[in-house]
Amino acid sequence: QVQLVASGGGVVQPGGSLRLSCAASGDIFSYWLMGWYRATPGKSREAVVVISRGGTTNYADSVKGRFTIVRDNAKNTVTLQMNSLKYEDTAVYYCGMGGYWGQGTQVTVSS
């Protein structure tokens, strides 16, 4: 089993920044990929970015150039720095690994 604890999120104006963090524990060495996903009402959960243990990343086109993920294997954490936030980034964000999910954290972009 894997436990994921997410933190961060909140309300920010368009163009602003937020940082999300996720700490993993448990059987984490069984899984190579870790990432952030988001969900909005009426839409299925989508991948925002995933990162391998080796640091290879795969960003959704909608966030490329604005979001940056960093993985710290020593601390078993991933951090998502979100810059130039847009209204359409409003969603519940989830940290995920190997089919396990952290609790969602709300990100709201609003003026």
Side-chain angles (χ1 to χ4, degrees):
Q1 273 196 323
V2 173
Q3 294 78 43
L4 301 167
V5 179
S7 60
V11 181
V12 65
Q13 293 185 339
S17 299
L18 284 174
R19 179 177 296 176
L20 306 180
S21 295
C22 179
S25 61
D27 189 22
I28 59 175
F29 294 105
S30 296
Y31 305 102
W32 187 249
L33 295 177
M34 194 169 179
W36 287 96
Y37 303 76
R38 64 188 181 188
T40 55
K43 293 181 64 177
S44 58
R45 192 175 298 181
E46 64 173 357
V48 175
V49 57
V50 294
I51 185 169
S52 72
R53 195 173 298 140
T56 300
T57 57
N58 188 10
Y59 291 89
D61 288 341
S62 60
V63 306
K64 283 180 181 177
R66 300 188 298 119
F67 290 12
T68 302
I69 190 170
V70 175
R71 182 169 180 167
D72 187 330
N73 291 322
K75 297 181 179 179
N76 300 322
T77 60
V78 287
T79 300
L80 182 65
Q81 179 66 41
M82 304 184 293
N83 298 328
S84 302
L85 283 159
K86 304 176 180 180
Y87 292 115
E88 51 264 43
D89 294 318
T90 295
V92 178
Y93 284 71
Y94 297 89
C95 177
M97 171 186 264
Y100 294 93
W101 301 99
Q103 84 282 14
T105 184
Q106 178 71 46
V107 171
T108 301
V109 184
S110 174
S111 57

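- The distance from atom OG1 of T105 to atom CG of L18, rounded to the nearest 0.5 Å, is 9.0 Å.
- Residue Q1 places its CD atom among 12 or fewer non-hydrogen atoms of other residues, nucleotides or ligands, all under 6.0 Å distant.
- Distance alone, capped at 3.5 Å, is enough to place a donor-acceptor pair between the T90 side chain and the V109 backbone.
- Using bins of under 30°, 30° to 60° and over 60° for the plane-to-plane angle, the ring pair F67/Y93 lands in the tilted bin.
- Hydrophobic clustering, defined by side-chain heavy atoms of Ile, Leu, Val, Met, Phe, Trp and Tyr closer than 4.5 Å, groups Y94 together with Y37, V50, V92, W101.
- The shortest distance between side-chain heavy atoms of I69 and M34 does not fall below 4.5 Å.
- Considering all non-hydrogen atoms of both residues, L4 and C95 come closest at CD1-O, 3.5 Å.
- Nearest heavy-atom pair, A60 versus A47, reported as atom, atom and distance to 0.1 Å: CB-O, 3.6 Å.
- Smallest separation of non-hydrogen atoms from A39 and A91: O-CB, 3.4 Å.
- Taking the side chain as every heavy atom from C-beta outward, D89 and R38 approach each other to under 4.5 Å.
- Taking 4.5 Å as the limit, every side-chain heavy atom of Q81 sits out of range of all side-chain heavy atoms of V70.
- In this structure, the side chain of S84 does not engage the main chain of R66 through any donor-acceptor pair within 3.5 Å.
- In this structure, W36 CH2 and I51 CD1 are separated by 12.5 Å, a value rounded to the nearest 0.5 Å.
- Atom CZ of R19 has 12 or fewer neighbouring heavy atoms from other residues, nucleotides or ligands inside a 6.0 Å radius.
- Closest approach of P14 and S111 over heavy atoms only: CD-N, 3.9 Å.
- Here the side chains of S21 and T77 are not in contact, with every heavy-atom distance at 4.5 Å or above.
- The backbone N or O of V5 sits nowhere less than 3.5 Å from a side-chain atom of Q103 that would complete a donor-acceptor pair.
- Its side chain within the 4.5 Å cluster rule, W32 clusters with L33 among the Ile, Leu, Val, Met, Phe, Trp and Tyr residues.
- Within the model, atoms CZ of R71 and OG1 of T79 stand 12.0 Å from one another, a figure rounded to the nearest 0.5 Å.
- Summarising the geometry, atom OG1 belonging to T108 is positioned 13.0 Å from atom CD belonging to Q13; distances are rounded to the nearest 0.5 Å.
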